[in-house]
Chemist: 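Below is the structure I would like to discuss, written out as C-alpha coordinates.
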Amino acid sequence: MIVPLSRKAVQNRESSKSIHMQVVNEWRKECRNLAKLMVLEGRIPDEDILFFLTLEEIQELLETRSPRIISKANHRRRRQPVIDKYIFPEIMKGFPKPVVPGKNIAADIDTNFSMKGIPVSQGVATGIVRVALDLEEASLLQAGEILVTYSTDIGWSPYFPILGGVVTELGGLISHGTIQIYFILKI
(Lines give C-alpha, C1' and ligand atoms only; values in the text may rest on other atoms or scores of the structure.)
Protein backbone atom coordinates (compact mmCIF):
# COMPACT_ATOMS: atom_id res chain seq x y z
CA MET A 1 0.00 0.00 0.00
CA ILE A 2 2.76 2.46 0.92
CA VAL A 3 5.00 1.65 -2.07
CA PRO A 4 2.44 2.80 -4.70
CA LEU A 5 1.83 5.99 -2.71
CA SER A 6 5.57 6.59 -2.47
CA ARG A 7 5.99 6.06 -6.20
CA LYS A 8 3.18 8.52 -6.91
CA ALA A 9 4.74 11.06 -4.53
CA VAL A 10 8.09 10.75 -6.31
CA GLN A 11 6.34 11.14 -9.68
CA ASN A 12 4.55 14.27 -8.44
CA ARG A 13 7.79 15.69 -7.04
CA GLU A 14 9.63 15.17 -10.33
CA SER A 15 6.69 16.58 -12.30
CA SER A 16 6.60 19.72 -10.15
CA LYS A 17 10.38 20.16 -10.56
CA SER A 18 9.98 19.84 -14.32
CA ILE A 19 7.21 22.47 -14.39
CA HIS A 20 9.33 24.76 -12.22
CA MET A 21 12.27 24.48 -14.61
CA GLN A 22 9.99 25.22 -17.60
CA VAL A 23 8.69 28.36 -15.86
CA VAL A 24 12.23 29.51 -15.00
CA ASN A 25 13.26 28.92 -18.62
CA GLU A 26 10.36 31.08 -19.85
CA TRP A 27 11.39 33.86 -17.44
CA ARG A 28 14.95 33.68 -18.76
CA LYS A 29 13.75 33.92 -22.36
CA GLU A 30 11.61 36.93 -21.54
CA CYS A 31 14.49 38.58 -19.67
CA ARG A 32 16.64 38.06 -22.78
CA ASN A 33 13.93 39.69 -24.93
CA LEU A 34 13.71 42.62 -22.52
CA ALA A 35 17.51 42.96 -22.51
CA LYS A 36 17.58 43.07 -26.34
CA LEU A 37 15.00 45.85 -26.34
CA MET A 38 16.86 47.78 -23.65
CA VAL A 39 20.11 47.55 -25.65
CA LEU A 40 18.28 48.79 -28.77
CA GLU A 41 16.91 51.74 -26.78
CA GLY A 42 20.36 52.51 -25.33
CA ARG A 43 19.31 51.85 -21.74
CA ILE A 44 21.97 49.18 -21.12
CA PRO A 45 25.34 48.59 -22.84
CA ASP A 46 24.86 44.83 -23.42
CA GLU A 47 22.25 42.14 -22.81
CA ASP A 48 24.10 40.24 -20.08
CA ILE A 49 24.17 43.24 -17.73
CA LEU A 50 20.42 42.78 -17.13
CA PHE A 51 21.16 39.67 -15.06
CA PHE A 52 23.16 41.77 -12.60
CA LEU A 53 20.20 44.04 -11.81
CA THR A 54 17.34 43.63 -9.35
CA LEU A 55 13.75 43.93 -10.57
CA GLU A 56 13.50 47.31 -8.82
CA GLU A 57 16.66 48.53 -10.55
CA ILE A 58 15.35 47.40 -13.94
CA GLN A 59 12.14 49.31 -13.31
CA GLU A 60 14.07 52.41 -12.22
CA LEU A 61 16.33 52.13 -15.25
CA LEU A 62 13.31 51.97 -17.53
CA GLU A 63 11.95 55.12 -15.90
CA THR A 64 15.14 57.18 -15.47
CA ARG A 65 18.08 55.77 -17.51
CA SER A 66 20.22 56.25 -14.40
CA PRO A 67 23.97 55.66 -15.04
CA ARG A 68 24.35 54.91 -11.31
CA ILE A 69 22.40 51.66 -11.81
CA ILE A 70 24.56 50.61 -14.76
CA SER A 71 27.65 51.30 -12.64
CA LYS A 72 26.30 49.05 -9.85
CA ALA A 73 25.57 46.25 -12.32
CA ASN A 74 29.07 46.53 -13.83
CA HIS A 75 30.56 46.31 -10.34
CA ARG A 76 28.54 43.16 -9.61
CA ARG A 77 29.62 41.60 -12.89
CA ARG A 78 33.30 42.22 -12.07
CA ARG A 79 32.83 40.66 -8.61
CA GLN A 80 31.03 37.55 -9.89
CA PRO A 81 34.17 35.44 -10.64
CA VAL A 82 35.40 36.02 -7.08
CA ILE A 83 32.02 35.18 -5.57
CA ASP A 84 31.76 32.00 -7.68
CA LYS A 85 34.88 30.65 -5.98
CA TYR A 86 33.35 30.80 -2.50
CA ILE A 87 32.28 27.45 -1.05
CA PHE A 88 29.81 27.36 1.83
CA PRO A 89 28.95 24.44 4.11
CA GLU A 90 25.59 22.70 3.68
CA ILE A 91 24.36 23.82 7.10
CA MET A 92 25.34 27.07 8.78
CA LYS A 93 24.53 28.86 11.99
CA GLY A 94 24.97 32.61 12.31
CA PHE A 95 26.77 34.65 9.68
CA PRO A 96 27.81 32.52 6.66
CA LYS A 97 31.56 31.88 6.44
CA PRO A 98 33.09 30.36 3.30
CA VAL A 99 35.02 27.11 3.56
CA VAL A 100 38.72 27.55 2.84
CA PRO A 101 39.76 24.88 0.29
CA GLY A 102 42.78 22.88 1.36
CA LYS A 103 42.50 23.85 5.03
CA ASN A 104 43.28 20.95 7.34
CA ILE A 105 40.00 20.52 9.21
CA ALA A 106 41.51 17.79 11.40
CA ALA A 107 43.76 20.41 13.04
CA ASP A 108 40.65 22.17 14.39
CA ILE A 109 39.14 19.01 15.89
CA ASP A 110 39.43 18.34 19.60
CA THR A 111 40.98 14.98 20.58
CA ASN A 112 37.72 14.14 22.37
CA PHE A 113 35.77 14.60 19.14
CA SER A 114 32.96 12.13 18.49
CA MET A 115 30.11 11.90 16.05
CA LYS A 116 26.59 10.67 16.56
CA GLY A 117 23.96 9.95 13.99
CA ILE A 118 20.71 8.23 13.26
CA PRO A 119 21.17 4.68 11.98
CA VAL A 120 18.62 3.85 9.33
CA SER A 121 19.45 0.20 8.78
CA GLN A 122 19.72 -2.90 10.88
CA GLY A 123 23.10 -4.55 11.18
CA VAL A 124 26.65 -3.38 10.78
CA ALA A 125 28.72 -2.61 7.69
CA THR A 126 32.47 -3.00 7.61
CA GLY A 127 34.81 -2.13 4.80
CA ILE A 128 37.09 0.49 3.37
CA VAL A 129 35.70 4.00 3.82
CA ARG A 130 35.83 6.36 0.85
CA VAL A 131 34.95 10.03 1.25
CA ALA A 132 33.38 11.33 -1.96
CA LEU A 133 32.06 14.88 -1.84
CA ASP A 134 30.94 14.95 -5.49
CA LEU A 135 30.10 12.55 -8.31
CA GLU A 136 33.58 12.87 -9.81
CA GLU A 137 35.08 11.49 -6.60
CA ALA A 138 32.31 8.86 -6.45
CA SER A 139 33.57 7.42 -9.74
CA LEU A 140 36.52 6.03 -7.73
CA LEU A 141 34.24 3.89 -5.51
CA GLN A 142 35.02 0.17 -5.48
CA ALA A 143 32.72 -2.75 -4.65
CA GLY A 144 32.09 -3.14 -0.93
CA GLU A 145 33.38 0.30 0.07
CA ILE A 146 31.49 2.49 2.50
CA LEU A 147 30.59 5.86 1.00
CA VAL A 148 30.90 8.94 3.23
CA THR A 149 29.44 12.14 1.75
CA TYR A 150 27.33 15.22 2.55
CA SER A 151 24.13 13.89 0.98
CA THR A 152 22.97 11.92 -2.02
CA ASP A 153 20.47 12.50 -4.79
CA ILE A 154 19.39 10.65 -7.93
CA GLY A 155 22.82 11.15 -9.53
CA TRP A 156 24.42 8.86 -6.93
CA SER A 157 22.04 5.97 -7.69
CA PRO A 158 24.35 3.99 -10.03
CA TYR A 159 26.86 3.56 -7.17
CA PHE A 160 24.45 2.16 -4.57
CA PRO A 161 24.38 -1.47 -5.80
CA ILE A 162 28.16 -1.84 -5.26
CA LEU A 163 28.38 -0.11 -1.87
CA GLY A 164 28.90 -1.84 1.44
CA GLY A 165 27.32 1.07 3.29
CA VAL A 166 26.53 4.78 3.16
CA VAL A 167 27.16 7.54 5.71
CA THR A 168 25.78 11.01 4.98
CA GLU A 169 25.97 14.26 6.87
CA LEU A 170 22.45 15.22 5.79
CA GLY A 171 19.60 12.77 5.66
CA GLY A 172 17.14 10.81 7.67
CA LEU A 173 14.67 7.96 7.56
CA ILE A 174 13.15 9.05 4.23
CA SER A 175 16.22 10.58 2.60
CA HIS A 176 17.39 9.54 -0.85
CA GLY A 177 20.30 7.42 0.41
CA THR A 178 18.13 5.53 2.89
CA ILE A 179 15.46 4.72 0.33
CA GLN A 180 18.04 3.63 -2.27
CA ILE A 181 19.74 1.23 0.15
CA TYR A 182 16.36 -0.10 1.32
CA PHE A 183 15.22 -0.96 -2.20
CA ILE A 184 18.58 -2.48 -3.15
CA LEU A 185 18.54 -4.74 -0.10
CA LYS A 186 14.92 -5.76 -0.70
CA ILE A 187 15.46 -6.68 -4.37
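Because the structure is predicted, anything quoted here is derived from the model rather than measured.
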Chemist: Could you state the interatomic distance from CG (Asp84) to CZ (Arg79), rounded to the nearest 0.5 Å?
Modeler: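 Answer for the CG-CZ pair, Asp84 versus Arg79, is 11.0 Å.
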
Chemist: Is it true that, when you exclude Glu136 itself, more than 12 heavy atoms of the residues, nucleotides or ligands shown sit nearer than 6.0 Å to its CD?
Modeler: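 Not more than 12 within 6.0 Å, no.
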
Chemist: Looking only at non-hydrogen atoms, find the nearest pair between Ile44 and Ala35 and report the distance.
Modeler: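 Ile44 and Ala35 have their closest heavy atoms at CD1-O, 3.8 Å.
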
Chemist: Can a donor-acceptor pair be found, under 3.5 Å and without considering hydrogens, that links the side chain of Arg76 to the backbone of Phe52?
Modeler: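 At least one qualifying donor-acceptor pair exists.
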
Chemist: Check whether any side-chain heavy atom of Ile70 lies under 4.5 Å from a side-chain heavy atom of Leu61, and answer yes or no.
Modeler: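 With C-beta onward as the side chain, the pair touches.
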
Chemist: Considering all heavy atoms of both residues, which atom of Ala125 and which atom of Gly165 are nearest to each other, and what is their separation?
Modeler: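 What the structure gives for the nearest pair is CB-CA, 4.4 Å.
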
Chemist: About how many Å separate OG1 of Thr152 and CG of Leu163, when rounded to the nearest 0.5 Å?
Modeler: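 Answer rounded to 0.5 Å: 10.0 Å.
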
Chemist: Give the minimum heavy-atom separation between Ala132 and Trp156, together with the two atoms involved.
Modeler: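 Here Ala132 and Trp156 meet closest at O-CH2, 3.3 Å.
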
Chemist: With heavy-atom distances below 4.5 Å as the criterion, would you say the side chains of Leu34 and Ile58 are in contact?
Modeler: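 Yes, side chains in contact.
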
Chemist: Do the side chains of Ile128 and Gln142 get nearer than 4.5 Å, heavy atoms only?
Modeler: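 Counting from C-beta outward, Gln142 and Ile128 never come under 4.5 Å.
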
Chemist: Provide the closest heavy-atom pair for Gly155 versus Leu135 in the form atom of the first, atom of the second, distance.
Modeler: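 Nearest pair, atom of Gly155 first, then Leu135: O-CD2, 3.6 Å.
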
Chemist: Would Lys36 and Asp46 satisfy salt bridge (charged side-chain N to carboxylate O under 4.0 Å, His left out), going step by step from the backbone distance to the final call?
Modeler: CA-CA 8 Å; Lys36 285 177 185 175; Asp46 62 84; over 6 Å; no

Chemist: Nearest 0.5 Å please: distance from the CD atom of Glu137 over to the CG atom of Leu147.
Modeler: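 Nearest 0.5 Å value for the CD-CG distance: 10.0 Å.
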
Chemist: Among Met21, Gln22, Glu14, find the residue that satisfies the side-chain contact (heavy atoms from CB on, under 4.5 Å) test when tested with Ser18.
Modeler: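 For Ser18, the side-chain contact (heavy atoms from CB on, under 4.5 Å) test succeeds with only one of Met21, Gln22, Glu14, which is Gln22.
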
Chemist: May I ask you to check whether over 12 heavy atoms, not counting those of Arg28, lie within 6.0 Å of atom CZ?
Modeler: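 For Arg28, atom CZ is not crowded (no more than 12 foreign heavy atoms under 6.0 Å).
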
Chemist: Going from CD1 on Ile49 to CE on Met38, what distance comes out if it is rounded to the nearest 0.5 angstrom?
Modeler: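 Those atoms lie 10.5 Å apart.
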
Chemist: Are Val129 and Val167 connected, step by step, through hydrophobic side chains (Ile, Leu, Val, Met, Phe, Trp, Tyr) whose heavy atoms are closer than 4.5 Å?
Modeler: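 Hydrophobic grouping puts Val129 with Val167.
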
Chemist: CD1/Ile69 to CD/Gln59 distance, rounded to the nearest 0.5 angstrom?
Modeler: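 Atom-to-atom, Ile69:CD1 and Gln59:CD are 10.0 Å apart.
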
Chemist: Quick check: closest heavy atoms across Ile146 and Gly164, and the distance to 0.1 Å?
Modeler: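 Minimum heavy-atom separation between Ile146 and Gly164: CG1-C, 4.3 Å.
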
Chemist: Rounded to the nearest 0.5 Å, what's the gap from CD on Glu47 to CG on Leu37? Could you check?
Modeler: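 Going from the CD atom of Glu47 to the CG atom of Leu37 covers 9.5 Å.
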
Chemist: Check whether any side-chain heavy atom of Arg13 lies under 4.5 Å from a side-chain heavy atom of Val10, and answer yes or no.
Modeler: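 Result yes, sub-4.5 Å side-chain heavy-atom pair found.
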
Chemist: Measure across Tyr159 and Ser139 and return the closest heavy-atom pair with its distance rounded to 0.1 Å.
Modeler: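 Smallest heavy-atom distance, with atoms named: OH-CA, 3.6 Å.
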
Chemist: Closer than 3.5 angstrom, by distance alone: can the side chain of Ser71 be matched with the main-chain N or O of Pro67 as a donor-acceptor pair?
Modeler: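 No, the answer is negative, given that no donor and acceptor are paired below the 3.5 Å cut-off.
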
Chemist: Would you call Asp48 and Arg32 a side-chain contact if the rule is heavy atoms closer than 4.5 Å?
Modeler: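 Asp48 vs Arg32: side chains touch.
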
Chemist: For the side-chain contact (heavy atoms from CB on, under 4.5 Å) test, which of Val131, Val166, Thr168 pairs with Val148?
Modeler: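 Of the listed options, the one satisfying the test is Val131.
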
